[in-house]
Amino acid sequence: MALPTWFVRTVELALAISFVLVVLKIVYSLWIWPNMVYKKLRRNGLIGPSPSFPLGNIKHMVAAKNKRASALSSCTTVSHDIYSKVVPHFAEWQESHGKVFIYWLGTEPFLRIADPEFLKQMASAVLGNSWGKPDVFRIDRKAMFGNGIVMLEGDDWLRHRNVITPAFSPANLKAMGSLMVASTNEMLDRWTSIINSGSQEIEVESEIIATTGEIIAKTSFGMDYNNGKKVFHKLRTMQQVLFASNRYVGVPFNNFFCYKEYCEAKRLGDEIDALFLTIIKNKIKSREAGARVGITNARQEKNLLDLMLADKDCRRTLTTVELVDECKTFFFAGFETTALALIWTLMLLAMYPEWTNQLREEIKQVIGDQVVDATNIFGLKKMGWVMSEALRLYPSAVNAQRQVREDIRVGEVVIPKGTNIWIDMLSMNHDRGLWGDTVNEFRPERFEADSVHGGCLSKMGYVPFGIGGRMCIGRNLAIMEYKIVLTLILTRFSFSLSPYYQHSPVHMLSLRPCKGLPLVFQPIN
Ligand code: HEM
């Protein structure tokens with residue numbers, strides 16, 4: 001039966017209108033809106049390198065990085081003056097445009113900030129939960145973080161933060177200490193076997209990463225070794241895949257250009273979700289079974305996942321999907337950052353044996369013959385300075401990103417709603433104007449008189465754990481783990497840099513040694 005002409009015409013008209021609306025929406029979001037934000041920023045005197053459509057400044061960024069990579073491959077000395085090597089494009093643009101400038105990732109304009117005073121005024125003008133996260137990263141990193149706390153904003157962020165914060169109470173952290181000691185000792189026993197078998201050189205990067213992965217799997221989710229390992233390997237692979245496609249973040253339809261990587265990241269993300277889902281469902285079942293035989297939820301709460309399953313009033317406030325996303329978020333945020341702080345510290349201590357000796361002496365005085373635990377390591381003050389100095393020269397979090405949810409006034413400048421913000425911590429940590437002539441030297445003693453800011457001329461110039469309400473939730477856990485692992489290594493081994501070590505820090509979501517960290521070990525009797 002033929003359809004009536006008026007019906008066919010109406011459908012055609014509806015389709016035509018929908019098509020035009022979709023095209024208008026695309027033009028608006030890819031062209032009109034970003035240009036409106038850009039023009040407002042320029043009217044306020046903020047400038048930057050000229051972008052081109054549709055890559056923005058990405059072409060230049062990739063070219064600068066490739067040039068740097070070939071220069072680094074012939075470099076044999078270790079220098080801590082790394083800023084222009086890690087982000088050569090920013091170093092170049094800072095020379096011509098100053099510490100605050102606009103650059104484009106595809107069709108997304110970003111305001112890059114490395115001026116702590118500008119940042120201070122900006123941060124004091126907004127409430128913690130009225131900062132957003134750039135939409136472009138929320139989409140790009142969905143496979144990795146889902147809608148976990150790192151990507152949330154507004155009331156949802158506050159709700160998750162309130163549920164999760166109690167998990168990091170001193171009592172809970174204390175309970176995690178013995179698990180950390182056990183996992184670290186397993187790693188060190190493995191090192192002893194390697195040395196006894198005749199090889200003194202150990203590739204430390206992968207060892208530390210695997211151990212911190214195991215620690216987070218056990219302490220946060222009560223996972224067994226095999227499941228922890230599975231999640232850990234999938235997350236690592238996903239990071240490599242995402243980094244490969246990351247270069248086109250912000251470019252319209254970039255998922256089509258990097259379709260293979262996009263599908264691979266999605267597949268890995270789905271597999272990790274399925275693993276966590278099984279763990280969560282089993283936990284819920286065992287909690288229910290426990291409740292039936294009279295074991296209260298409070299008695300069952302041991303790790304982060306247990307605590308997320310029930311808030312203090314024993315009600316579940318996060319849905320199962322939200323729990324899965326938080327598990328992924330904490331797994332990634334928890335192992336990579338702490339591992340890198342330890343890895344760069346080992347590289348630095350291998351270069352500066354006088355500091356290794358000072359730390360060993362401190363361990364002797366503070367811990368002596370006691371078993372290392374979550375309480376006695378807090379007396380290790382010099383180790384705290386070493387951690388701060390390592391995080392200054394080689395920060396695990398190189399930058400932080402935000403999206404402005406309402407217009408912000410900074411002096412005469414108005415930053416319009418919708419602006420993407422790129423806070424460049426690496427640049428501030430290596431800023432001679434803030435740290436003086438010793439900026440690129442390893443000097444933990446700068447934290448002796450000023451343990452928080454290390455004598456930096458601006459209080460906002462050194463923020464290794466972030467700023468304001470979104471400051472790192474796992475800070476105390478990270479410090480505890482760092483001190484436990486480092487204390488155990490220093491009491492069992494002395495070490496130096498392998499002649500094969502190539503100093504090649506690279507920005508791959510975090511700051512990592514591109515060519516690993518081979519160290520030569522000697523057991524201490
Ligand atoms: C040396 C180790 C660590 C460093 C340097 C570090 C650094 C940071 C920084 C700079 C931020 C703020 C990011 C931003 O403002 O966008 C942050 C946030 C966060 N960190 Fe850490 N972190 C470390 C360890 C950990 C650990 C061990 C965990 C969990 C077990 C963790 C979980 C988180 C989470 C969930 C957030 C997001 C908080 C929010 O948005 O409310 N971090 N971290």
Side-chain angles (χ1 to χ4, degrees), residues 113 119 122-123 126 128-129 131-134 137-138 141 144-165 167-168 172-173 176 179-180 208-209 212-213 215-221 303-305 307-308 322 325-345 383-384 386-403 420-426 428-429 460 462-486 509-512:
I113 301 173
L119 187 60
M122 218 176 127
V126 281
N129 63 352
W131 288 100
K133 289 286 175 133
F137 290 128
R138 195 172 303 117
R141 293 173 192 176
M144 183 160 264
F145 299 116
N147 282 323
I149 189 168
V150 171
M151 290 297 158
L152 289 177
E153 48 187 86
D155 290 343
D156 276 337
W157 168 75
L158 204 56
R159 181 167 58 88
H160 282 234
R161 186 103 192 178
N162 285 341
V163 173
I164 295 164
T165 301
F168 294 93
N172 284 328
L173 290 187
M176 296 175 186
L179 287 170
M180 292 177 181
I208 298 278
I209 293 231
T212 52
I215 289 176
I216 202 84
K218 283 185 187 164
T219 55
S220 296
F221 312 113
N303 54 47
L304 176 67
L305 181 55
L307 283 147
M308 285 196 293
E322 288 173 332
D325 285 348
E326 287 306 355
C327 288
K328 274 199 298 196
T329 299
F330 275 85
F331 205 105
F332 184 76
F335 86 80
E336 170 99 349
T337 43
T338 316
L340 287 167
L342 280 161
I343 289 162
W344 289 118
T345 298
M383 196 177 276
V386 167
M387 179 178 190
S388 299
E389 183 67 339
L391 283 175
R392 184 184 72 82
L393 290 170
Y394 299 92
S396 308
V398 173
N399 53 61
Q401 302 104 28
R402 298 283 186 274
Q403 199 170 41
N420 295 307
I421 305 285
W422 187 278
I423 302 166
D424 191 340
M425 275 109 86
L426 185 66
M428 295 195 292
N429 292 2
M460 262 314 187
Y462 181 64
V463 284
F465 290 97
I467 50 171
R470 296 207 75 133
M471 196 178 262
C472 178
I473 206 167
R475 180 174 175 270
N476 289 337
L477 173 68
I479 295 174
M480 180 173 108
E481 186 174 339
Y482 175 96
K483 287 190 171 176
I484 288 179
V485 177
L486 192 56
L509 291 180
S510 343
L511 186 68
R512 48 189 325 116

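Just the heavy atoms: all of them, side chains too, but no hydrogens, waters or symmetry mates, feed the values below. Just so you know, residue 1 is the first one in the sequence shown, and it goes up from there. We count ligands from 1, going down the list as the structure has it; atoms in each ligand are counted the same way.
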Please enumerate all residues that pass salt bridge (Lys or Arg N to Asp or Glu O under 4.0 Å) together with Glu389, with sequence neighbours excluded.
Arg392, Arg446
Ion pair check, Glu153 and Arg138, cut-off under 4.0 Å
yes
Using 30° and 60° as the class boundaries, would you call the ring planes of Phe332 and Phe145 parallel, tilted or perpendicular?
perpendicular
Check each N or O atom of ligand 1 against all protein N or O atoms and list the pairs under 3.5 Å, with atom names and distances to 0.1 Å, one per line.
| residue | atom | partner | partner atom | Å |
| --- | --- | --- | --- | --- |
| ligand 1 | 15 (O) | Arg402 | NH1 | 3.2 |
| ligand 1 | 15 (O) | Arg402 | NH2 | 2.7 |
| ligand 1 | 16 (O) | Lys133 | NZ | 3.1 |
| ligand 1 | 16 (O) | Arg402 | NH1 | 3.0 |
| ligand 1 | 40 (O) | Arg470 | NE | 3.1 |
| ligand 1 | 40 (O) | Arg470 | NH2 | 3.1 |
| ligand 1 | 41 (O) | Trp157 | NE1 | 2.7 |
| ligand 1 | 41 (O) | Arg161 | NH1 | 2.7 |

Which residue pairs pass the salt bridge (charged side-chain N to carboxylate O under 4.0 Å, His left out) test with at least one member in residues 332-345, sequence neighbours excluded?
Arg236-Glu336, Glu336-Arg512
Holding to salt bridge (Lys or Arg N to Asp or Glu O under 4.0 Å), I want the full list of residues that pass it with Lys328, two or more places apart in sequence or in another chain.
Asp273
Gap between atom OG of Ser510 and atom OH of Tyr394 - 0.5 Å precision:
15.5 Å
